[in-house]
Structure formats: structure tokens, C-alpha cells
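Everything on this sheet refers to the single structure shown next.
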Amino acid sequence: MSSRMFPILAVLALGLAACGGHETKKTPLPHLGPTRDVSTIEVGRGGGEGEIAVPGTVRARQRAGLSARVPASVEELPARVGQWVEAGAVVVRMDDAALRAALAAAEAGLKAALADLDRTKALLEKDAATPRELDEMTARAAGAEAQVTAARDSLSYAVLRAPFAGRIASLPVDVGDVVSPGMTLVEIEGRGGLEVRGSVEAPVARLIRPGTRVQALCDGQSDPLEARITSIAPAGDPTTHRVEVRAALPAAPGLRAGTFARLVVPAPVGEAQLRVPLSAVFSRGGLSGLFVADDGVARLRWVAVGERTGDAVEIRAGIEPGERVVVDPAGLVEGSPIRETMAAGDGAAAEQEER
């Protein structure tokens, strides 16, 4: 090799060493703002002993949704939302002109068919008709009678009546609206009181029974309500693999159907879970996320959350034990420079739950 090649090779070697000879240190980008002091906590696994709060919805125990069964326009709404109605009271009346015309046509057809049947019977007695013709006229009369019955049923569908005494909970239509079969026109809530409907995992469902007393945390109620488990579904949902649970609620001022609620139920014992403070998790666009401290930089992680237990929430996917999570991520973005301060009692959120 020529001696003139050695300086060139030396320069190339130095360049390669400068570019890839050592790991580049992670540094925060200057445009992400000044370094912020944040409190972090180390994630660890712990048993699931204690209680968990499962989400649910407050519903009326006696509730009915009345739907249209014929296409027509709404002609009258005698009751208003919030009004009490008795069983059998008319709550929706629809335009029935076309239905009455169809009934009149069916009755006229039945009248003609019966006349033809009587005429055929008289002719048969005089051997002027055959038994086959009598059978045809009999079948025709039966078909015409069925058409009259169907027309009368359709006419009855133009008026919706309350199936039980209750309060009008919803009227999603107005007078003049054209409705189609299957469209809900009115919802009624009866005197049966309110309940919470939620779903739990199978291990949790094994720990509760009908009659079990649990606490219910309902929106609009400052204090927890004592609820009673009334039913547990015998089978789970094949999609979510969760079991529906219903719990009766006591009467309380301001408690309304449709509000959000949580049932505090026993948690399975001995299952290792990852838990972080509830304040560390935030929602964006329907996704749940948190920030992990990584060499002075906040790294965004999208996670799958599980059940809530007090001030902590289970993390089912997205982080690993030993990672440090920012307790209060307000104002942080991916790559924000941070300076860590360990939260009091650091050493795993799950251990905090056990204590």
C-alpha cells in the first residue's frame, strides 16, 4: 500500500469514530421549553387485594322504549318530557289516513270474497259448480279475512300507549316528523326506582352475590350511596369477556337515569398488577396515556388501563415494572426536559395500595 494512503485512512477512521463510535446521549430539544421539576414514582407489581371501582350507568329498573311499527308522520304528542302518564294513556299519535284507506280496501275485498263464496255454495247445490271451485272461493275468502286482520293491526300501530304508569324520559321526535319502523319515539320510566348497570371481569364476579352490599359513586352525589347487587349475568359478553352486574340504588335527591356511576366491589386476591397514581394518566382522543421519565426527558406512552382502585389505576399494557412515571403530567409533551423528584413512598404504586 502506498505511503500516501495512510493519512487518508487515518482521517476516515477518525470520522467514523466521531459519527458512530459511541452512543449519542439523549438530550431534550431546546424549543420544548425550560427544564421542569416533576415528581415521579417507580412502577412495580403488587397483589390485587382490596377493592376496585367498576364503571357503570344509572338506569331505571322499569323502562320501556316504544318504537314505530309502520311508516307514518307524527300527528300528536299528548305528553311532554317529565310528565307522568298512566298505563294505557296515549303518548304518540301518528297520521293514520293511509292505514284507514288500506283497511277499507281490505274490508271491501273481504265482502266481495264472501259474496263469491256464498254464490259458489248455491251453485254447487244445483250441480252448477265443482267442489274445486268451492275450495278456491273458500281460500280466497280466508285470505281476504287475513288481509282485514293485518290492516286493523297496522291501524292500531298508529297510536302508541304507555305499557305501564311512569314518567316520560325521552321524546326524540316532534310533531310532523316522518318515522320509519324500528325508530324509537318515546321512552318511559316506571316506579321501579334506579339501578347501576356495569360489567366486571370473571374473577371479580365470583366474589359477589345477589344481595351483596356495595358502594356506588354516582355523578351529582357528594356522598357514596349504598347499593345492593340484584343480578349477575350467568354468561359473559363474548366480545369484552366481562359479566354484567346490576345493583339497586336507594332514592336520593338529584339522582337521575343516564348519569355515570362506579360500583366499588371486592378485588381478587393475589393477582400481580401494575398500578400507577390516577393523576398520572390522561386521555386524548379516546386514548389513555402517561409520561415516563427517561434520562431527563419525558417520553409519551399510550397505555391500556384497567380497573380503578381508590387513587390508583391498573395499567395492563404499555409500561414495564421499574420504569418511573410522572405523577402530574400537566403541560408536558413528548421530549419535554424534566428534572426528577421522587414522590413520597416511591418504590411501586402497587405497594402503596397494599399499605
Side-chain angles (χ1 to χ4, degrees), residues 56-104 106-107 145-198 210-211 216 218-221 225-233 244-261 263:
T57 304
V58 178
R59 300 287 300 273
R61 289 202 292 269
Q62 188 180 32
R63 185 183 182 91
L66 307 184
S67 302
R69 300 184 66 175
V70 292
S73 61
V74 178
E75 191 174 71
E76 183 184 2
L77 296 172
R80 301 181 303 274
V81 174
Q83 181 177 338
W84 185 269
V85 294
E86 298 297 333
V90 176
V91 291
V92 179
R93 193 184 302 276
M94 293 181 285
D95 183 15
D96 59 2
L99 299 174
R100 290 187 180 277
L103 176 58
E107 289 175 340
E145 188 173 1
Q147 290 180 354
V148 170
T149 301
R152 286 175 179 167
D153 288 343
S154 296
L155 181 60
S156 68
Y157 299 152
V159 176
L160 301 185
R161 300 179 182 273
F164 47 77
R167 197 174 304 280
I168 303 296
S170 174
L171 272 175
V173 295
D174 294 314
V175 174
D177 288 349
V178 177
V179 299
S180 56
M183 182 176 177
T184 300
L185 306 184
V186 59
E187 294 183 349
I188 302 175
E189 296 177 353
R191 290 192 178 95
L194 299 175
E195 66 180 4
V196 175
R197 295 186 188 181
C218 304
D219 283 356
Q221 300 294 311
L225 301 177
E226 185 180 77
R228 178 177 55 85
I229 301 295
T230 56
S231 68
I232 303 171
E244 184 186 58
V245 174
R246 300 187 182 190
L249 292 172
L255 187 61
R256 298 178 181 275
T259 56
F260 181 75
L263 290 176

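For the atom pair CZ of R69 and CG of D153, the computed distance is 8.0 Å after rounding to the nearest 0.5 Å. Atom-to-atom distance recorded for L171:CG and L66:CG is 10.0 Å, nearest 0.5 angstrom. Atoms CD1 and CZ, on I168 and R80 in that order, are 10.5 Å from each other to the nearest 0.5 Å. Taken to the nearest 0.5 Å, the CG atom of L185 stands 6.0 Å off from the CE atom of M94. With rounding to the nearest 0.5 angstrom, the CD1 atom of I188 is 9.0 Å from the CG atom of L160. Taken to the nearest 0.5 Å, the CZ atom of R161 stands 10.0 Å off from the OG atom of S156.
A 4.5 Å side-chain heavy-atom check between T259 and T57 finds every atom pair outside the cut-off. By the 4.5 Å heavy-atom criterion applied to side chains, P181 and P71 are counted as neighbours. In this structure, the side chains of S170 and V81 stay at 4.5 Å or more apart for every pair of heavy atoms. Here the side chains of V58 and R256 are not in contact, with every heavy-atom distance at 4.5 Å or above.
What you find for L99 and S154 is that their closest heavy atoms are CD1-O, 3.4 Å. Among all heavy-atom pairs drawn from A68 and V179, the shortest one is CB-CG2, 3.8 Å. Among all heavy-atom pairs drawn from G56 and V196, the shortest one is CA-CG1, 4.2 Å. A pairwise comparison of heavy atoms in L255 and Q221 identifies N-NE2, 3.4 Å as the closest pair. Looking at every heavy atom in both residues, P163 comes nearest to A64 through CG-CB, 3.9 Å. Here the closest non-hydrogen pair linking V91 and V186 is CG2-CG1, 3.9 Å.
For the pair E189 and R63, the salt-bridge criterion is met [side-chain N within less than 4.0 Å of a carboxylate O]. Between R246 and E244 there is a salt bridge, since at least one side-chain N of the basic residue sits less than 4.0 Å from a carboxylate O of the acidic one.
Panel note: side chain R61, backbone G192; a donor-acceptor pair is recorded below 3.5 Å.
Shown here is R197, whose CZ atom has more than 12 heavy atoms of other residues, nucleotides or ligands within 6.0 Å.
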Go through the steps to decide whether V173 and M183 satisfy the test side chain to side chain contact (heavy atoms under 4.5 Å, CB included), and finish with yes or no.
CA-CA 10 Å; V173 295; M183 182 176 177; 3.8 Å; yes
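The salt bridge (Lys or Arg N to Asp or Glu O under 4.0 Å) search around R152 returns E107, not counting sequence neighbours.
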